[in-house]
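Structure first, commentary second.
Every heavy atom of this structure was used, including side-chain atoms; hydrogens, water molecules and symmetry mates were not. Remember, predicted model here, so these are calculated numbers, not experimental data. Proteins get letters first, then strands, A, B, ... in listed order; numbering begins at 1 in each.
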Amino acid sequence: MKRKGLFITIRSIVSKIPKGKVVTYGDIARVLGLRNSRIVGWALRGNQDPNIPCHRVVKKNGFLAENFSLGTWKEQKRLLKAEKVKFIKKNQVDLNKHYWQIT
DNA sequence: AAAGTGACGCATT
DNA sequence: TAATGCGCCACTT
């Protein structure tokens with residue numbers, strides 16, 4: 001990945017997500033002025049930095065991404081549950097309780 | 001340079 | 001309600 005600028009921007013946003021909160025890919029993309037949320041996924045995918053809580057980034061409806069860097073959504077779920085995040089389905093978090101609006 | 005790919009999202013079938 | 005299609009940005013081959 002050559003474009004580190006975008007990568008760094010996304011990293012700064014994700015690292016600001018409070019513990020126990022989640023954000024959607026689409027929202028991050030909007031903040032960056034992108035109309036394509038895939039870019040966000042692309043950036044997180046190449047990242048394995050533990051400083052970046054990428055497990056707090058979920059899909060629009062709160063569903064977890066199927067391809068998590070560290071493994072699958074099961075791993076992501078485990079990390080989220082460790083932060084007391086409530087799941088309304090086995091692979092869907094409770095957005096009403098844990099959604100963090102980016103400002 | 002052109003086509004393929006992807007941690008998505010929304011509209012249409 | 002589920003499946004399919006397409007837009008969109010950047011990366012890879």
Side-chain angles (χ1 to χ4, degrees):
Chain A
M1 50 194 91
K2 292 165 185 152
R3 294 264 170 203
K4 287 202 229 155
L6 186 53
F7 182 89
I8 291 178
T9 306
I10 293 178
R11 178 176 67 182
S12 63
I13 293 176
V14 175
S15 57
K16 283 175 187 160
I17 305 176
K19 184 180 177 184
K21 296 290 182 181
V22 296
V23 175
T24 65
Y25 293 97
D27 286 338
I28 295 178
R30 279 179 71 140
V31 169
L32 298 179
L34 302 173
R35 297 187 286 281
N36 185 8
S37 36
R38 292 177 105 102
I39 298 299
V40 179
W42 158 80
L44 294 181
R45 178 183 163 217
N47 174 52
Q48 297 181 25
D49 194 326
N51 300 330
I52 306 180
C54 40
H55 57 279
R56 297 184 189 140
V57 184
V58 299
K59 292 195 190 181
K60 188 76 177 184
N61 312 300
F63 284 100
L64 304 183
E66 292 149 26
N67 301 311
F68 191 59
S69 297
L70 313 175
T72 61
W73 58 266
K74 298 176 198 162
E75 183 66 21
Q76 185 175 6
K77 176 182 180 181
R78 203 168 57 179
L79 293 169
L80 289 172
K81 283 178 74 73
E83 299 182 352
K84 314 300 183 202
V85 172
K86 182 182 178 183
F87 278 72
I88 57 184
K89 290 288 181 189
K90 61 180 182 179
N91 62 333
Q92 183 181 22
V93 303
D94 191 338
L95 277 186
N96 287 317
K97 275 188 165 300
H98 306 288
Y99 183 69
W100 181 65
Q101 194 169 36
I102 305 177
T103 50

TODO: Compare all side-chain heavy atoms of A:L32 with those of A:I13 and state whether any distance is below 4.5 angstrom.
DONE: yes
- [ ] Check every atom of B:dA7, B:dG9, C:dC9 against the side chain of A:L34 and return the nucleotide holding the closest atom.
- [x] C:dC9
TODO: Using whole Å, report how far NZ of A:K60 lies from P of B:dC10.
DONE: 5 Å
Task: Criterion salt bridge (charged side-chain N to carboxylate O under 4.0 Å, His left out) against A:E83, the qualifying member of A:K97, A:R56, A:R78 - done: A:R56
Open item on the list: Rounded to whole Å, how long is the line connecting atom CD1 of A:I39 with atom P of B:dT5?
Closed with: 16 Å
Task: Nucleotide nearest A:N36 when distance is taken to its side chain, options B:dG9, B:dA7, C:dC9 - done: C:dC9
Task: Atom-pair distance (CZ on A:R35; P on B:dG6), nearest Å - done: 23 Å
Task: Length of the line joining A:Q92:CD and B:dA7:P, which is rounded to integer Å - done: 20 Å
Task: Shortest non-hydrogen contact from A:A29 toward A:N36 - done: CB-O, 4.0 Å
Open item on the list: Regarding A:N51 and A:D49, do their side chains bring together a donor and an acceptor under 3.5 Å, going by distance alone?
Closed with: yes
- [ ] May I have the distance from A:L32 (atom CG) to B:dA7 (atom P), rounded to whole angstrom?
- [x] 19 Å
- [ ] Spell out yes or no: do the side chain of A:S37 and the base of B:dA7 have one donor N/O and one acceptor N/O closer than 3.5 Å?
- [x] no
TODO: Name the closest nucleotide to the A:N67 side chain, picking from B:dG9, B:dA7, C:dC9.
DONE: B:dA7
- [ ] Round to a whole Å and report the spacing from CG of A:L44 to P of C:dC11.
- [x] 14 Å
Open item on the list: Tell me the interatomic distance from A:F63, atom CZ, to B:dG9, atom P, rounded to whole angstroms.
Closed with: 12 Å
TODO: Consider the side chain of A:S69, meaning its heavy atoms from C-beta on, and name the nucleotide among C:dC11, C:dC8, B:dA7 that approaches it most closely.
DONE: B:dA7
- [ ] Calculate the interatomic distance between A:F7 atom CZ and C:dC11 atom C1'; express it in whole Å.
- [x] 14 Å
Task: Separation between the P atoms of C:dG5 and B:dG4, rounded to whole Å - done: 15 Å
Open item on the list: Heavy-atom count check: over 12 atoms from other residues, nucleotides or ligands less than 6.0 Å from A:E66 CD?
Closed with: no
